[in-house]
Engineer: 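So that we are looking at the same thing, I have put the structure below in structure tokens.
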Amino acid sequence: MPPMRIGILTGGGDCPGLNAVIRAAVRAVEVEHRGVTIGFADAWRGVLDDRWEQLSIARCRGILPRGGTILGTSRDQPYTRPDGVDAVREAVARHELDAIVAIGGEGTMGVVSDLHRDGIPVIGVPKTIDNDIAQTEMTFGFQTAVQICSDAIDRLHTTAESHDRVLVVEVMGRHVGHIAVWAGIAGGATIVLVPEEPFDLDDVAARIVARHHHGSWATIVVVAEGAVPVPGTLDIGEPEIDRYGHEVLGGIGHLVASEIQQRTGIESRTTVLGHVQRGGSPVAFDRVLATRFGIAAVDSVSAALSGAAPFGQMVALQSGHIVAVPVADAIGHLKVVEPDLLRSAAILSAQPAGSPPASELTAG
Ligand code: F6P
């Protein structure tokens, strides 16, 4: 086999561990395939505008623990430009690439699937702190985000107890509640609200009042940014839409806190963790997973070049093993929180058997 040449890019929102993938892929290409990796700037925008840099083991020194992405990222993609796919095809030819390795979330995996259909050699690497991509048990960045959130909840406990307040913590989780549930369980939150299960604030308020009646003071409520009320129970207004047509989330925490205060009479405050969850150094688990994904992506390119497997694969974690699956199988549906985890979170907020039902209690 001649030396391998790949292009690599990071697309969509950033996430801790992107640099670890880049570093691992660059090393695998150089060490195992005597090859060269080209890094495209700002995701597909760099492919379309021909902005790139040649990467090397030396260039990647020191980036393993660094958050963000040395390549930059954007949500631009080829299919929104009339000449986009041809421009990608030309970039592959111009740089004599064997493949493009695209690291990104569900949107990027959709582009990988479409480009594969259009005959461009591509391999996908899933990333998102939300951990919602199907076909992979975990995405890197998720464990880092969970750690940041559970550390924050630990801190909020002591101030909530001092003031006997309800503290609402809003975490990321656009369509699913993986971060909220994991951080809620790890941080010992009282109530966790997730997109998978629309919430009823009367019920939430009654559970908080019941808790106070039983002598448990201070309450931590974790709410995923994408959590929604039971239809007809609360007006959450119209979301703002960004230039890519995505809803700009954030703010449900404030609404939940103010409604809880109104309904219970207990002072409530909100902390929105926001992009803090996406910044900084990846935890060890994410560094290892990202490294394994980076090496596996190069293995997938190699397998496709030798004819052992097709392009259009996405690397994934399944039963602890790194595998490659058709990227088409990973798009169009999201991985929601397992019912047993939701049950664990619910047990945290339940009152012991024999307690009067929450609905019979009033705010004190
Ligand atoms: O997809 C990951 C995510 O962190 C979501 O939870 C969040 O809604 C979104 O990114 C926000 O992205 P940005 O602010 O970069 O548009």
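Computed from a predicted model, the values in this text were never measured in an experiment.
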Engineer: Please report the shortest heavy-atom distance between Val276 and Ile148, naming the atom on each side.
Structural biologist: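 For Val276 and Ile148, the tightest heavy-atom pair comes out as O-CD1, 3.5 Å.
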
Engineer: Taking all non-hydrogen atoms of both residues, which atom of Glu170 and which atom of Gln277 are closest, and how far apart?
Structural biologist: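 For Glu170 versus Gln277, the nearest heavy atoms are O-NE2, 4.5 Å.
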
Engineer: Please test Arg207 against Asp203 for salt bridge (charged side-chain N to carboxylate O under 4.0 Å, His left out), starting from the C-alpha separation and ending with a verdict.
Structural biologist: CA-CA 6 Å; Arg207 275 147 69 190; Asp203 173 54; 3.0 Å; yes

Engineer: Run Phe285 and Gln147 through side-chain contact (heavy atoms from CB on, under 4.5 Å) and show every step you take.
Structural biologist: CA-CA 11 Å; Phe285 179 92; Gln147 192 62 53; over 6 Å; no

Engineer: Check step by step if side-chain contact (heavy atoms from CB on, under 4.5 Å) holds for Phe199 and Ile252.
Structural biologist: CA-CA 12 Å; Phe199 59 82; Ile252 189 74; 4.1 Å; yes

Engineer: Would Asp130 and Arg174 satisfy salt bridge (charged side-chain N to carboxylate O under 4.0 Å, His left out), going step by step from the backbone distance to the final call?
Structural biologist: CA-CA 7 Å; Asp130 287 4; Arg174 174 164 284 269; 5.5 Å; no

Engineer: Quickly, which of Asn131, Thr136, Asp132, Thr139 forms a side-chain hydrogen bond (donor to acceptor under 3.5 Å, both in side chains) with Lys335? Name it, please.
Structural biologist: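 When side-chain hydrogen bond (donor to acceptor under 3.5 Å, both in side chains) is applied between Lys335 and each of Asn131, Thr136, Asp132, Thr139, only Asn131 qualifies.
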
Engineer: Taking all non-hydrogen atoms of both residues into account, name the closest pair between Ala316 and Phe293 and its distance.
Structural biologist: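 For Ala316 and Phe293, the tightest heavy-atom pair comes out as C-CE1, 3.7 Å.
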
Engineer: Quick one: are Met138 and Leu289 in side-chain contact, heavy atoms under 4.5 Å?
Structural biologist: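 Met138 vs Leu289: side chains touch.
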
Engineer: Please answer: with hydrophobic residues joined when any side-chain heavy atoms are less than 4.5 Å apart, are Leu97 and Val26 in the same cluster?
Structural biologist: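 Not linked; separate clusters.
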
Engineer: Does His254 form a side-chain contact (heavy atoms from CB on, under 4.5 Å) with Val272? I'd like the steps, not just the answer.
Structural biologist: CA-CA 8 Å; His254 289 291; Val272 180; 3.7 Å; yes

Engineer: Do the non-hydrogen side-chain atoms of Cys149 and Ile179 ever get within less than 4.5 Å of each other?
Structural biologist: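 They are in side-chain contact.
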
Engineer: Heavy-atom distance under 4.5 Å between the side chains of Ile38 and Glu53, does that happen here?
Structural biologist: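 The answer is no, as the side chains (C-beta and beyond) never meet within the 4.5 Å cut-off.
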
Engineer: Using a 4.5 Å cut-off on heavy atoms from C-beta on, say whether the side chain of Phe40 contacts that of Leu71.
Structural biologist: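 Not in contact.
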
Engineer: Is any side-chain heavy atom of His246 less than 4.5 Å from a side-chain heavy atom of Arg75?
Structural biologist: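 Yes; the side chains approach each other to less than 4.5 Å.
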
Engineer: Taking all non-hydrogen atoms of both residues, which atom of Gln318 and which atom of Val325 are closest, and how far apart?
Structural biologist: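 Scanning both residues completely, I find the closest heavy atoms to be NE2-CG1, 3.7 Å.
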
Engineer: With salt bridge (charged side-chain N to carboxylate O under 4.0 Å, His left out) as the test, would you mind laying out the steps for Arg81 and Asp49 before giving the verdict?
Structural biologist: CA-CA 12 Å; Arg81 272 178 43 172; Asp49 300 346; 3.5 Å; yes

Engineer: Using every non-hydrogen atom in the two residues, find where Pro16 and Ile129 come nearest and quote the distance to one decimal.
Structural biologist: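 Closest approach of Pro16 to Ile129: CD-CG2, 3.9 Å.
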
Engineer: Can you name the nearest heavy-atom pair linking Thr37 to Ala25, along with the distance?
Structural biologist: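 Heavy atoms of Thr37 and Ala25 come nearest at OG1-O, 4.4 Å.
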
Engineer: Report whether Val125 and Val122 are members of the same hydrophobic cluster (ILVMFWY, side-chain heavy atoms less than 4.5 Å apart, transitive linking).
Structural biologist: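 Per the 4.5 Å side-chain linkage, Val125 and Val122 are not co-clustered.
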
Engineer: Taking Ile6's backbone N and O only, do any of them form a donor-acceptor pair with Asp98's side chain (distance below 3.5 Å, no angle check)?
Structural biologist: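 Checking the backbone N and O of Ile6 against the side chain of Asp98, no donor-acceptor pair under 3.5 Å is found.
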
Engineer: Determine whether Arg117 and Asp114 satisfy the following criterion, salt bridge (charged side-chain N to carboxylate O under 4.0 Å, His left out), listing intermediate values before the conclusion.
Structural biologist: CA-CA 5 Å; Arg117 180 202 59 211; Asp114 290 346; 3.3 Å; yes

Engineer: Under a single-linkage definition using a 4.5 Å side-chain heavy-atom cutoff for Ile, Leu, Val, Met, Phe, Trp and Tyr, are Ile322 and Val101 assigned to the same hydrophobic cluster?
Structural biologist: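 Looking at the clustering, Val101 is in the same group as Ile322.
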
Engineer: A side-chain contact here means heavy atoms from C-beta on lying under 4.5 Å apart; do Val221 and Leu167 qualify?
Structural biologist: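 A side-chain contact under 4.5 Å is absent here.
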
Engineer: May I ask you to check whether over 12 heavy atoms, not counting those of Arg5, lie within 6.0 Å of atom CZ?
Structural biologist: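 For Arg5, atom CZ is crowded (more than 12 foreign heavy atoms under 6.0 Å).
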
Engineer: What about Trp52 and Val29, same hydrophobic cluster or not, with Ile/Leu/Val/Met/Phe/Trp/Tyr joined at side-chain heavy-atom distances under 4.5 Å?
Structural biologist: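 Trp52 and Val29: separate clusters.
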
Engineer: Below 4.5 Å, heavy atoms only, C-beta onward: do Val169 and Leu273 meet side chain to side chain?
Structural biologist: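 In short, these two side chains touch, coming nearer than 4.5 Å.
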
Engineer: Side chains of Arg287 and Ser281 only: does a donor on one sit below 3.5 Å from an acceptor on the other?
Structural biologist: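 Yes - a donor-acceptor pair under 3.5 Å links their side chains.
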
Engineer: The test is side-chain contact (heavy atoms from CB on, under 4.5 Å); show your working for Leu234 and Val256 and say whether it passes.
Structural biologist: CA-CA 10 Å; Leu234 185 69; Val256 166; 5.8 Å; no

Engineer: Taking the side chain from Ser300 and the backbone from Ala296, do they hold a donor-acceptor pair closer than 3.5 Å?
Structural biologist: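 Checking the backbone N and O of Ala296 against the side chain of Ser300, a donor-acceptor pair under 3.5 Å is found.
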
Engineer: Side-chain heavy atoms nearer than 4.5 Å, only ILVMFWY residues, links allowed to pass through others: does that put Ile191 and Val228 together?
Structural biologist: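 Yes, Ile191 connects to Val228 through the hydrophobic network.
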
Engineer: Any heavy-atom pair between the side chains of Leu305 and Met1 that's under 4.5 Å?
Structural biologist: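 Yes, their side chains come closer than 4.5 Å.
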
Engineer: Enter the distance from Thr264:OG1 to Glu267:CD here, rounded to the nearest 0.5 Å.
Structural biologist: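 Those atoms lie 10.5 Å apart.
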
Engineer: Sub-3.5 Å donor-acceptor pair from the side chain of Asn19 to the main-chain atoms of Leu64, do we have one?
Structural biologist: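 No; judged by distance alone, with no hydrogens or angles, the pair does not exist.
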
Engineer: Measuring from atom OG1 of Thr291 to atom CD1 of Ile22, what distance do you get when rounded to the nearest 0.5 angstrom?
Structural biologist: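 Separation between the atoms: 11.5 Å.
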
Engineer: With a 3.5 Å distance limit and no angle check, can you tell me whether Ser150 reaches the backbone of Gly187 through a side-chain donor-acceptor pair?
Structural biologist: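 No, the answer is negative, given that no donor and acceptor are paired below the 3.5 Å cut-off.
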
